[in-house]
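The chains referred to below are lettered A, B, ... by the order of the sequence lines, with proteins before strands, and numbering in each begins at 1.
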2 protein chains.
Amino acid sequence: MNLRALAAELGLSQTTVSRALNGYPEVAESTRRRVEEAARRLNYRPDMRAKGLATGRTMAIGHILPVSSRHEIVNPVFADFIAGAGETYARHGYDLLLSVVRDEDEARHYRDVAAKRSVDGLIVHAPRAEDRRIALLRDTGLPFVVHGRVSDETLPYAFLDIDNRRAFERATHFLIDLGHRRIALVNGLASMDFAIRRRNGYLAALAARGLPADPALIRSDEMTESFGFATARDLLALPDPPTAFLTSSLIVAMGVRRAADAAGIAVPRDLSIVTHDDELAYLRNGSDEPIYTATRSSVREAGRRAAEMLMGMIADPGHPLPQRILEADLVLGRSTGPAPGHVLSPARSPSPAPLPP
Amino acid sequence: MNLRALAAELGLSQTTVSRALNGYPEVAESTRRRVEEAARRLNYRPDMRAKGLATGRTMAIGHILPVSSRHEIVNPVFADFIAGAGETYARHGYDLLLSVVRDEDEARHYRDVAAKRSVDGLIVHAPRAEDRRIALLRDTGLPFVVHGRVSDETLPYAFLDIDNRRAFERATHFLIDLGHRRIALVNGLASMDFAIRRRNGYLAALAARGLPADPALIRSDEMTESFGFATARDLLALPDPPTAFLTSSLIVAMGVRRAADAAGIAVPRDLSIVTHDDELAYLRNGSDEPIYTATRSSVREAGRRAAEMLMGMIADPGHPLPQRILEADLVLGRSTGPAPGHVLSPARSPSPAPLPP
DNA sequence: TGCGGGGTCCAAAGCGCTTTGATCGCGAGC
DNA sequence: GCTCGCGATCAAAGCGCTTTGGACCCCGCA
């Protein structure tokens with residue numbers, strides 16, 4: 001059932017039927033009702049390719065899912081982000097075009113997707129501190145929103161990010177307040193922009209409190225459970241082991257906890273853990289009281305908002321590029337306590353202390 | 001840069017340029033080279049919409065990601081499956097069109113996607129034992145592959161599944177061999193086809209060994225860490241608690257373990273855990289020796305294969321519908337041991353015993 | 001010398017839609 | 001009574017590609 005057949009069925013021209021269905025004013029209300037009824041009855045849906053060809057729009061948004069050729073890992077936050085964005089797309093009548101791309105042919109793929117005209121806009125995932133995708137996309141003229149930021153980028157671009165630096169700065173201060181002096185940072189891949197910001201927050205807090213940053217306590221890799229486990233196992237075996245871990249994801253934190261359990265180290269009595277929590281649907285940080293003390297920000301909500309930003313950019317290309325930074329909460333769970341042997345001074349509250357802005 | 005411009009640039013007709021680029025024989029080799037060189041130089045990519053309109057193919061595969069309106073949960077295996085399928089699509093020049101759909105308007109959406117002609121085929125995720133999507137899709141004539149099976153479906157359809165029943169039957173036998181008599185099953189949502197098959201395998205093994213199935217030990221829900229934790233916490237508090245847990249995912253198993261830790265119950269000394277392991281990239285079951293004894297099957301590999309099946313169906317619509325069942329491994333980890341107080345009889349080996357076929 | 005037949009290339013139709021620029025009545029205004 | 005304006009509808013062009021049905025040239029064969 002296509003437009004021509006529908007028009008023939010109704011004894012109208014394609015023009016009128018098209019206009020009736022797309023809400024144009026120059027068609028009689030009675031005719032519109034007749035057309036709509038027939039379209040419903042005959043289960044007519046416009047062919048999106050033809051519509052796209054005629055309008056120049058595809059009603060589809062591209063997501064490029066980079067898959068590290070070394071690690072073969074897709075970031076688990078991805079599913080939740082997509083779920084959030086997908087809700088928004090559905091509401092606006094957009095489809096989501098997903099490409100899984102090995103990082104070595106990423107550049108080619110971005111150029112392709114623009115030239116093939118198969119999407120009206122793009123979401124850029126997992127930006128690195130220095131990321132040539134930005135320049136590449138800017139050249140294509142395709143609207144895009146970055147989930148995260150690109151520190152080395154000087155020209156403006158649209159993004160949605162959380163304040164990673166501030167979140168990890170607060171978390172570190174919190175641990176220091178509890179008397180911890182040796183705090184390990186189990187971070188994401190070192191090239192990732194978010195990982196750098198988190199590290200900077202951590203370093204800033206240590207510096208502000210006059211504590212040395214021990215490079216041995218800072219680790220970066222793909223955020224897997226195994227990585228958390230191996231790192232904690234190794235660090236806890238040091239002569240001067242950390243008394244607290246700051247991890248970049250709940251999954252890593254679970255690995256750290258497993259290592260602590262294996263070593264007979266009790267959490268939070270002997271070891272404190274603070275983690276970032278993306279609020280993944282299937283991996284909540286406890287159902288009532290949080291299991292882990294965590295910096296918290298819903299990646300699904302981020303997906304919803306990023307999609308909305310992009311829809312806005314497409315609808316109104318003239319506007320300035322939207323840039324948005326969300327604040328992460330710091331929630332108190334049962335994974336943190338005073339450093340072993342530390343007596344809390346009444347002056348320094350162990351509750352999440354507000355930072356100077 | 002479109003075909004017309006490219007043809008003009010070369011002083012050739014669109015016909016010839018199109019044929020040159022698509023590998024048709026009736027174009028001189030020297031011309032083909034000229035055309036290809038110019039296409040590369042001018043960064044020409046055919047507009048996929050136009051190509052689709054002309055050929056009737058879209059070069060895109062649809063995945064519909066159902067999101068339960070009650071739980072708001074997307075299945076974590078999804079990302080890995082997509083990553084696997086995406087590799088195959090990329091190799092065949094296909095795109096992946098993803099729709100996130102709340103289960104209440106699933107039916108409408110399946111009808112839509114067929115009528116809109118925006119994909120050449122579909123992958124059906126998370127099938128239920130009784131799933132009207134199958135009949136719906138069959139009516140549309142669109143090729144589709146089900147990841148899993150639909151027990152109540154009588155007519156043939158293409159699917160890729162693992163032998164869930166046999167996997168859980170083996171796992172249960174294995175636990176019984178270790179002397180366990182009270183074995184809890186922490187399963188996925190009761191409506192899911194895979195959950196039913198796993199339960200049937202579990203029940204079959206109990207029955208084969210003359211053990212009663214205690215309904216109190218069988219739980220079904222979304223496979224979250226919290227669910228595993230809450231279930232284990234409750235069951236372990238029973239007057240006659242289980243000595244072993246059989247769980248449907250690594251994440252659930254981690255919840256069970258957390259409950260055991262919290263209750264001071266040692267794994268595997270006081271409690272054994274066997275889980276199904278989808279081999280998710282970021283959540284490996286240990287890097288060398290498995291943490292958990294597990295039935296194991298890579299969902300990423302399943303994605304690759306399902307995609308290949310679908311590509312085959314599209315390329316050759318005449319063929320009979322492919323149906324494929326993969327066997328899951330049973331791997332030995334450090335989460336299982338003899339039931340407390342049980343002396344292993346030398347006759348019954350605790351290693352994964354081959355079942356009669 | 002004439003003719004059939006590859007080997008190359010081309011003009012134009014068609015895919016299903018939107019949109020431009022008419023056309024056609026019909027009542028209002030002079 | 002004629003024109004003007006307007007509401008409702010339509011024919012046809014065009015989006016960028018593929019594909020059908022020639023056209024043209026040149027070579028070899030009778």
Problem set entry | B:Tyr94 and B:Arg57 side chains, donor-acceptor separation under 3.5 Å |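 There is such a pair (donor and acceptor under 3.5 Å, judged by atom type) between the side chains of B:Arg57 and B:Tyr94.
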Whether [X] contacts [N] is assessed here as follows: a side-chain N or O lying under 4.0 Å from the phosphate OP1 or OP2. Is that the case?
X: A:Thr31; N: D:dT9; answer: yes
X: A:Thr16; N: D:dT9; answer: no
X: B:Tyr24; N: D:dT19; answer: yes
X: A:Tyr44; N: C:dC17; answer: yes

For this session: Find out whether B:Asp80 and B:Tyr282 are in side-chain contact, i.e. whether some heavy atom of one side chain is under 4.5 Å from a heavy atom of the other.
Result: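 B:Asp80 reaches B:Tyr282 side chain to side chain.
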Distance, rounded to the nearest Å, where [X] contributes [atom1] and [N] contributes [atom2]:
X: A:Gln14; N: D:dG14; atom1: CD; atom2: P; answer: 16 Å
X: B:Arg34; N: C:dT8; atom1: CZ; atom2: P; answer: 14 Å
X: B:Lys116; N: C:dC17; atom1: NZ; atom2: P; answer: 13 Å
X: A:Lys51; N: D:dG16; atom1: NZ; atom2: C1'; answer: 19 Å
X: B:Met1; N: D:dG16; atom1: CE; atom2: P; answer: 12 Å
X: B:Arg4; N: C:dC10; atom1: CZ; atom2: P; answer: 16 Å
X: A:Leu53; N: C:dT18; atom1: CG; atom2: C1'; answer: 11 Å
X: B:Arg32; N: C:dC9; atom1: CZ; atom2: P; answer: 10 Å

Residue [X], side-chain heavy atoms: nucleotide from [options] that is nearest:
X: B:Ala54; options: D:dG16, C:dC10, C:dT8; answer: D:dG16
X: B:Asn22; options: D:dA8, D:dT18, C:dC9; answer: D:dT18
X: A:Leu3; options: D:dG16, C:dC9, C:dC17; answer: C:dC17
X: B:Leu12; options: C:dC10, C:dC17, C:dG14; answer: C:dC10
X: B:Ser18; options: C:dG16, D:dG16, D:dT18; answer: D:dT18

Exercise. Which sits closer to the 5' end of DNA chain C, B:Pro25 or B:Ala50, going by the nucleotide each is nearest to?
Worked result: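 Its nearest nucleotide being more 5', the pick is B:Pro25.
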Charged N-O contact under 4.0 Å between [X] and [Y]:
X: A:Arg304; Y: A:Glu308; value: no
X: B:Glu87; Y: B:Arg91; value: no
X: A:Asp47; Y: B:Arg117; value: no

For this session: Spell out, as yes or no, whether a donor-acceptor pair under 3.5 Å connects the side chain of A:Asn75 to the backbone of A:Val77.
Result: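 It does hold such a pair.
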Problem set entry | Most 5' of B:Arg19 and A:Arg19 on DNA chain D, judged by nearest nucleotide |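 On the 5' side of the pair lies A:Arg19.
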For this session: Select from A:Gly11 and B:Glu26 the residue whose nearest nucleotide in DNA chain D is closer to the 5' end of that strand.
Result: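 Upstream on the strand: A:Gly11.
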For this session: Look at all strands and tell whether A:Thr15 reaches a base, only sugar-phosphate, or nothing, counting heavy atoms closer than 4.0 Å.
Result: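 Base: the residue A:Thr15, judged by heavy atoms under 4.0 Å, touches a nucleobase.
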